Structures are given as structure tokens and as C-alpha cells.
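Comments concern the structure below.
Quick caveat: nothing in here was measured; it's all calculated off a predicted structure. Order of listing sets the numbers, starting from 1, for every ligand and every atom in it.
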Amino acid sequence: MVQKEKLLEIHHLHKDYGNGPVLKDISLDVHKGEVVVLIGPSGCGKSTFLRCMNGLEQIQSGEILLDGNVITDNKTKWSDVRQKIGMVFQSYELFPHMTVIDNILLGPLKVQKKDKKEAEKEAKELLGRVGLLDKKDAFPRQLSGGQKQRVAIVRALIMRPEILLFDEVTAALDPEMVREVLDVMLELAKAGSTMVIVTHEMQFARAVADRIVFLDGGEIVEMDAPEKFFTQPKTDRARRFLNTFTFKKKEG
Ligand code: ADP
Ligand code: MG
């Protein structure tokens, strides 16, 4: 078997906001094309972990490498790194006074200085991929939450990141809109995107993940293939966490 290429490496990460440790000695490799799903109870450090990965939070010790290069030393230009590590948040934060396509084009035109025609073509392709080409000239207020979140995903994708981080992107959506956003992420996974996803949607986690990372109290407690993790969790902590979901096994 071919050894998969490491895209993102996290070594012995420690994070503290000043009131005691939030992430304690976290190490994790994310391979090219891999989908890692981070799960764990509220407050266990999932968002902090994602935010550390793209420099939105300072870390106290440890290091992070992207493509084999350290990105946590003081030479790091985070504005460059963030073009390679895209992030989608729970709140999509589109600019309300700009149309969908102008929101999407902001990064490629202002940050990456891409050619306008070329960027527009790409934006339309991506909007088509998430089923929103007909909304390109709409304003955010004219879209549903699910549609806005799909636009936010396109806004991240158009930067052509090497890896995408998703932080509970369906948590604020009405239930009927969750599916359409999860489907876009499943589609990205199928197309070979490298992703780290934080979610409370356990069925989705099981379906999309190559690996589940269970975080509790700022530590990685378990790391396993999804089928293994959901059917035979190794620790009481994981079992207790899974029991808080009315999780139906896909058996029989
Ligand atoms: P999760 O995403 O798993 O719910 P978070 O990463 O948001 O967890 O939070 C982990 C811990 O860090 C919590 O105890 C939270 O209160 C604390 N925390 C998060 N952000 C900050 C911050 N900006 N300042 C201080 N403490 C924070
Ligand atoms: Mg969070």
C-alpha cells in the first residue's frame, strides 16, 4: 500500500487562553485526501483546535506543519497560510450589501489578484456545483440559511485551499436545511478534498469520515475508523458521549 502523503501535521500542541490548558499535547496528522471528523462534548476544545490550525489562535507550545513546512514559527505569514487552509464557520458572515457572486469574488480578486473573467468563470462553476448558479446575483438576505452556508463553502473553495476546516457549519441551520449542506460536504469528500470537520451530526460523521477523532477535556481520547468508533468505542468517555445521541445503528 502506498503511504499517504501528510498534508497537515500537528505535534504536541498546547493551548491556553490564560485560565488553564484548553488543548493538552494534541498530535494529529491529516493526510492528503483524508476526511477527519472531530467530535466531542461542548467546550472540549474542538473550535479552538481548528482555529489553531489556521492561526486564528496563538499556541503556547508544539508545532504545526503544512506540506512539511512549519507554519507556527514567527516567520509564518498567516495571510498566505489561510489561502491554503480554508475555513467555514457556523455563521457564514456574507457581506449583506454585496451579491452572492461578489461575495465569492472578493478573495480571488482582492487577495489573490486573479483575473476577473477567470475568477468569475470559476465562481459560476462552483456555484453550479452546489446548486446555486441561479442565485449568483441575489443578495444574502434573499437566501435561506442553507443557501447562505453553501455560498460560504464556495467562498472558501474558490481560494483553492489544500485543506478545508469546517466548524459546526450546520449547527445554526433549520433542520430541513442541514441535509443540503451536508450533501455538499459529502460531495467534496468524494471528490478527494482534504477536510477536518467538526460536527454533531453523528450519522453524517460516520458516513463522511475516514477517521474519527474524539476529543474530551482538551485531549484526544480516541482515534479510529468510523465503523470501529461508533460500534466499539474503546473508552467509557466515548461511550458516554455517544449515548447522549439517539444514534441508530445502521444494522439489520
Ligand atoms: P468546543 O468548540 O469543543 O465547544 P471551544 O474550543 O470553543 O470548545 O472551547 C474550549 C474551552 O476554551 C472552553 O472552556 C471555552 O470556554 C474556552 N475558550 C474558548 N474560546 C475562548 C476565548 N477566546 N477566551 C477564553 N477561553 C476560551
Ligand atoms: Mg465549537
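- Side chains of Glu201 and Thr199: a donor-acceptor N/O pair is absent below 3.5 angstrom, by distance only.
- Those atoms of ligand 1 with a heavy atom of Ser42 less than 4.0 angstrom away are 4 (O).
- Given atom 6 (O) of ligand 1, the protein heavy atom at minimum distance is Thr48 OG1, 2.5 Å.
- In terms of hydrophobic clustering, with Ile, Leu, Val, Met, Phe, Trp and Tyr side chains grouped at heavy-atom distances under 4.5 Å, Met53 and Val213 are assigned to a common cluster.
- Remark: atom 16 (O) of ligand 1 lies closer than 4.0 Å to no protein heavy atom.
- Of all protein heavy atoms, the one lying nearest to atom 19 (C) of ligand 1 is Tyr17 CE1, 3.4 Å.
- Listing protein N, O or S atoms at distances below 2.8 Å from the Mg ion (ligand 2), with waters left out, gives Ser47 OG.
- When hydrophobic clusters are built by joining Ile, Leu, Val, Met, Phe, Trp and Tyr residues whose side-chain heavy atoms come closer than 4.5 Å, directly or via intermediates, Leu7 is not grouped with Leu188.
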Show every donor-acceptor pair shorter than 3.5 Å between a side-chain atom in residues 55-63 and any protein atom, with sequence neighbours excluded, or say none if there are none.
{"from": "Glu57", "atom 1": "OE2", "to": "Arg51", "atom 2": "NE", "distance (Å)": "2.9"}
{"from": "Glu57", "atom 1": "OE2", "to": "Arg51", "atom 2": "NH2", "distance (Å)": "3.2"}
{"from": "Gln60", "atom 1": "OE1", "to": "Asp16", "atom 2": "N", "distance (Å)": "2.7"}

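- Under 3.5 Å, the side chains of Ser47 and Asp167 contain a donor-acceptor pair of N or O atoms.
- Of all protein heavy atoms, the one lying nearest to atom 4 (O) of ligand 1 is Gly43 N, 2.7 Å.
- Here's the thing with Glu168: none of its N/O atoms is less than 3.5 angstrom from an N/O atom of ligand 1.
- In this model, no donor atom of one side chain and acceptor atom of the other lie less than 3.5 Å apart for Glu34 and Thr194.
- Not a single N or O atom of Asn19, backbone or side chain, sits closer than 3.5 Å to an N or O atom of ligand 1.
- Polar contact check, Phe49 against ligand 1: no nitrogen or oxygen pair lies under 3.5 Å apart.
- Within the 4.0 angstrom cut-off, atom 11 (C) of ligand 1 has one or more protein heavy-atom neighbours.
- By the 3.5 Å distance cut-off applied to N or O atoms, Gly45 is counted among the residues near ligand 1.
- Contacts between Val22 and ligand 1 below 4.0 angstrom, taking non-hydrogen atoms only, involve the side chain exclusively.
- When side chains are defined from C-beta on, Val36 does not count as touching Ile197, because their heavy atoms never get closer than 4.5 Å.
- The aromatic rings of Phe214 and Phe241 sit tilted relative to each other, their planes meeting at an angle between 30° and 60°.
- Summarising the geometry, atom CZ belonging to Arg237 is positioned 4.5 Å from atom CG belonging to Asp216; distances are rounded to the nearest 0.5 Å.
- In this structure, Pro21 and His14 have side chains that are not in contact, with every pair of non-hydrogen atoms separated by 4.5 Å or more.
- With hydrogens left out, the protein atom closest to atom 7 (O) of ligand 1 is Ser47 CB, 3.8 Å, a heavy atom.
- Phe245 approaches His200 most closely through the heavy-atom pair CE2-O, 3.4 Å.
- Not a single N or O atom of Glu57, backbone or side chain, sits closer than 3.5 Å to an N or O atom of ligand 1.
- A distance-only check finds a donor-acceptor pair linking the side chain of Ser27 to the backbone of His12 [under 3.5 Å].
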